[in-house]
Protein chains: 2
Amino acid sequence: MAASGVRPRRKPRDRYHHGDLRRALLDEALRTIHQDGVEALTLRTIGLALGVSRTALYRHFADKRALLSAVATEGFRMLRGRLVEVWGSGGVREFNEMGVAYVQFAIANPSHYRVMFGGFVDDGPRDEELTREGMAAFQALVDAIAALQKSADVRKDDPLQLARFIWATVHGVSMLIIDGQLSHQHAQLDDLIQFAMQRLQTGIAAGPARTRN
Amino acid sequence: MAASGVRPRRKPRDRYHHGDLRRALLDEALRTIHQDGVEALTLRTIGLALGVSRTALYRHFADKRALLSAVATEGFRMLRGRLVEVWGSGGVREFNEMGVAYVQFAIANPSHYRVMFGGFVDDGPRDEELTREGMAAFQALVDAIAALQKSADVRKDDPLQLARFIWATVHGVSMLIIDGQLSHQHAQLDDLIQFAMQRLQTGIAAGPARTRN
DNA sequence: ACCTGAACACCGTTCAAGT
DNA sequence: ACCTGAACACCGTTCAAGT
């Protein structure tokens with residue numbers, strides 16, 4: 001069975017120089033990951049789908065790890081955009097929705113989310129742009145916290161520490177869900193997410209002095 | 001360089017039949033994962049270290065995935081043992097220590113912890129013993145919650161839901177730390193863990209009625 | 001029953017060569 | 001400057017054959 005039988009997804013080598021192969025490679029990687037998971041992502045498959053050699057990638061990325069780094073960067077960009085969009089310049093209610101949106105992003109893009117964390121990128125020095133984009137997403141959370149502190153809805157602890165704690169909680173919920181450790185039933189998941197956000201908000205609320213703790 | 005130059009870790013093939021090869025394979029896998037990470041674990045290396053062929057493993061495990069399943073199972077057993085030990089039949093203070101012990105387990109065994117979750121085992125039906133052992137570890141948490149509800153330290157929500165929420169929080173903290181998303185400085189990590197447990201306990205406490213939330 | 005050794009179908013990556 | 005194609009050093013897994 002010759003290579004002609006494989007139906008490349010885009011028009012194959014119409015020009016010798018590809019328009020923007022770097023972008024095309026990244027898009028194809030995102031598509032594959034979303035559709036079949038990271039474990040299905042091979043340089044051979046990507047090349048085949050784009051009608052280029054499997055080594056063409058090395059002109060645009062240092063190696064596979066660098067490609068996955070770019071995938072992760074894109075993921076943080078998407079996630080940040082979504083969080084900012086949901087938060088607006090809102091209050092407690094929007095904060096809750098932001099948490100829900102975070103977990104929903106992970107559920108909608110489990111394999112992509114796992115690439116963003118999951119240690120696919122963790123040996124060697126982290127890509128600079130990835131670090132920056134990850135921090136930008138985190139900053140969206142910090143900003144929301146700071147606003148809620150100003151409106152006296154959240155206790156006046158170090159906002160960074162608060163943000164780390166909240167991030168850990170939504171990250172934990174997300175990971176347990178996409179790893180299949182929790183119920184797969186949609187309604188039960190929604191219940192858990194809502195419950196978690198409730199308990200979380202009680203934990204960080206600037207309430208009246210308590211008699212215990 | 002012949003095979004004699006590789007220095008097998010245990011006495012090589014003194015008998016044709018290995019004593020308990022299954023156990024030896026599992027121990028060697030645990031050792032490799034702890035020392036060099038999962039990505040360094042290959043069937044070839046394991047065989048080499050034990051002085052057996054690289055295919056000998058297939059007499060005792062269906063495939064590599066089954067070996068990792070056994071590794072994960074062992075991990076949950078260890079984790080559960082540690083949690084039960086720290087909890088004793090304690091109170092709020094011991095509950096806090098249990099949370100800290102959880103995160104410390106993950107920090108001490110990052111790669112092993114990642115095998116327990118991390119989706120190395122998530123395609124195909126989950127191993128039965130793995131499921132059971134994971135649930136047993138979770139149950140240790142549920143039991144502690146139930147006890148704290150009886151002593152009126154924790155609010156009387158569904159203990160399973162509470163346990164899931166708490167699990168998600170400590171899991172999230174653990175994952176962010178071992179994925180290097182948080183500070184690598186020991187003291188700062190300790191601060192975060194303590195802070196997280198404080199906020200967590202406030203969130204689940206059976207306090208007096210609140211004016212807000 | 002348990003283990004071996006060759007073979008197979010995959011990987012990511014390198015490198016000289018082509019345009 | 002950009003891409004190819006052969007080659008290399010790795011994988012996990014299968015299978016006939018040995019003890």
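Proteins come first, then strands; the chains are lettered A, B, ... in the order of their sequence lines, and each starts at number 1.
Comment: Arg114(B) does not engage Glu39(B) in a salt bridge, judged by the lack of any side-chain N to carboxylate O separation of less than 4.0 angstrom.
Straight-line distance from the CZ atom of Phe61(A) to the P atom of dC2(D): 13 Å, rounded to whole Å. Atom pair Leu50(A):CG and dC2(D):C1' shows a separation of 15 Å (rounding to whole Å applied). dT4(D) atom C1' lies 13 Å from atom CG of Leu21(A), rounded to whole Å. Whole-Å rounding puts the Leu57(B) CG to dT4(C) P distance at 11 Å. Rounded to a whole Å, the CZ atom of Arg59(B) is 11 Å from the P atom of dT4(C).
In this structure, dG18(C) and dC2(D) make a Watson-Crick or G-U wobble pair, each of the two defining distances being under 3.5 angstrom. Using the Watson-Crick or G-U wobble rule with both distances under 3.5 Å, dT13(D) pairs with dA7(C).
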Can you tabulate the close N/O pairs, meaning under 3.5 Å, that link protein atoms to atoms of nucleotides 10-12 of chain D?
from: dC11(D); atom 1: N4; to: Arg44(B); atom 2: NH2; distance (Å): 3.4
from: dG12(D); atom 1: OP1; to: Lys64(B); atom 2: NZ; distance (Å): 2.8
from: dG12(D); atom 1: OP2; to: Leu43(B); atom 2: N; distance (Å): 3.2
from: dG12(D); atom 1: N7; to: Arg44(B); atom 2: NH1; distance (Å): 2.7
from: dG12(D); atom 1: O6; to: Arg44(B); atom 2: NH2; distance (Å): 3.3

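Comparing atom distances between the Thr55(A) side chain and each of dT13(C), dC2(C), dC3(D) picks out dT13(C) as nearest.
No option in Leu182(A), Asp191(A), Val173(A) other than Leu182(A) meets the side chain to side chain contact (heavy atoms under 4.5 Å, CB included) test with Arg164(B).
Residues Phe76(A) and Tyr113(A) keep their aromatic ring centres 6.0 Å or farther apart.
The backbone N or O of Ala72(B) lies less than 3.5 Å from no partner atom in the side chain of His112(B), so there is not a single donor-acceptor pair. A donor-acceptor pair is defined here as one N or O able to donate and one able to accept, closer than 3.5 Å; such a pair exists between the side chain of Gln149(B) and the backbone of Asp157(B). At least one donor-acceptor pair under 3.5 Å links the side chain of Asp63(A) to the backbone N or O of Ala66(A).
Regarding contacts with the backbone of dC2(C), every side-chain N or O of His60(B) stays at 4.0 angstrom or more from both OP1 and OP2.
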